[in-house]
Amino acid sequence: SYGYRLCRCEGSFVYSGDTGPSRQLAELAQGCDVLVHMCHYLTGTAPSKTFSAFTMGHMELARFAQEAQARNLVITHVTEQFDRPGMREQVIREVGEVYKGNIFFGEDLLEIPVHGPKAVRLD
């Protein structure tokens with residue numbers, strides 16, 4: 001799997017393809033502003049140990065993002081497990097118990113601010 005880090009004066013962006021926990025990826029992601037990472041299944045539901053060694057469940061990703069001190073986490077490459085009513089909310093709540101940054105579910109054309117979301121003033 002490949003991982004990329006793009007750095008500009010505005011901030012840093014790290015993207016990883018399909019991967020499980022990796023020391024090299026953790027080093028690449030350290031202190032990034034935006035981490036885009038696959039979250040293929042709900043922790044505890046992997047079909048085998050081999051499968052879970054090469055992918056990440058939601059709680060593994062939460063620990064990974066927190067240890068990397070990523071400021072924003074974009075969850076991508078999810079399976080149909082996440083598409084049941086209330087599941088994405090549950091994942092955000094559970095990931096948020098470990099990871100203290102901003103959490104997003106990636107979607108086509110979604111724009112993630114490098115420094116995280118900010119509330120706008122109501123007029």
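Scope of the values below: all heavy atoms of this structure, side chains included, with no hydrogens, waters or symmetry mates.
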> With a 4.5 Å cut-off on side-chain heavy-atom distances among I, L, V, M, F, W and Y, is there a chain of contacts connecting L6 to L73?
no
> When you check the side-chain N and O atoms of H77 and D18, is any donor under 3.5 Å from an acceptor?
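A donor-acceptor contact under 3.5 Å links the two side chains.
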> Do you know the tightest heavy-atom contact between N102 and Y99?
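Shortest heavy-atom separation between N102 and Y99 comes out as O-CE2, 3.4 Å.
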> Under 3.5 Å, is there a donor-acceptor pair between the side chain of T43 and the main chain of M59?
yes
> So, for V14 and A29, which heavy atoms are closest and what is the spacing to 0.1 Å?
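So the two residues come closest at CG2-CA, 3.9 Å.
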> A side-chain contact here means heavy atoms from C-beta on lying under 4.5 Å apart; do L42 and M87 qualify?
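Heavy-atom side-chain distance check passes, below 4.5 Å.
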> At what distance, to the nearest 0.5 angstrom, does OH of Y15 lie from OG1 of T76?
6.0 Å
> Measure across A70 and L35 and return the closest heavy-atom pair with its distance rounded to 0.1 Å.
CB-CB, 3.9 Å
> Among the clusters formed by ILVMFWY side chains lying less than 4.5 Å apart, do Y4 and L28 turn up in the same one?
no
> With a 4.5 Å heavy-atom cut-off, do T55 and E60 have their side chains touching?
no
> Give the minimum heavy-atom separation between D33 and S12, together with the two atoms involved.
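It is OD2-N, 2.7 Å.
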> Are any of the side-chain heavy atoms of V95 and L61 separated by less than 4.5 Å?
no
> Do the side chains of V78 and F64 join up, straight or via other hydrophobic residues, at under 4.5 Å, putting them in one cluster?
yes
> Any chain of hydrophobic side-chain contacts (each under 4.5 Å) joining F104 to V34?
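Yes, F104 and V34 fall within the same hydrophobic cluster.
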> Which atom pair, heavy atoms only, marks the closest approach of L25 to S16?
CD2-OG, 3.5 Å
> Around F54, counting heavy atoms of other residues, nucleotides and ligands shown, do more than 12 lie under 6.0 Å from its CZ?
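No.
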> When hydrophobic residues are tied together by side-chain contacts of less than 4.5 Å, even through go-betweens, does Y41 share a cluster with M38?
no
> Have a look at Q90 and tell me which of E94, R93, R88 forms a side-chain hydrogen bond (donor to acceptor under 3.5 Å, both in side chains) with it.
E94
> Give the minimum heavy-atom separation between C39 and I75, together with the two atoms involved.
CB-CG2, 3.4 Å
> What distance do H40 atom NE2 and F82 atom CZ have between them, rounded to the nearest 0.5 Å?
9.0 Å
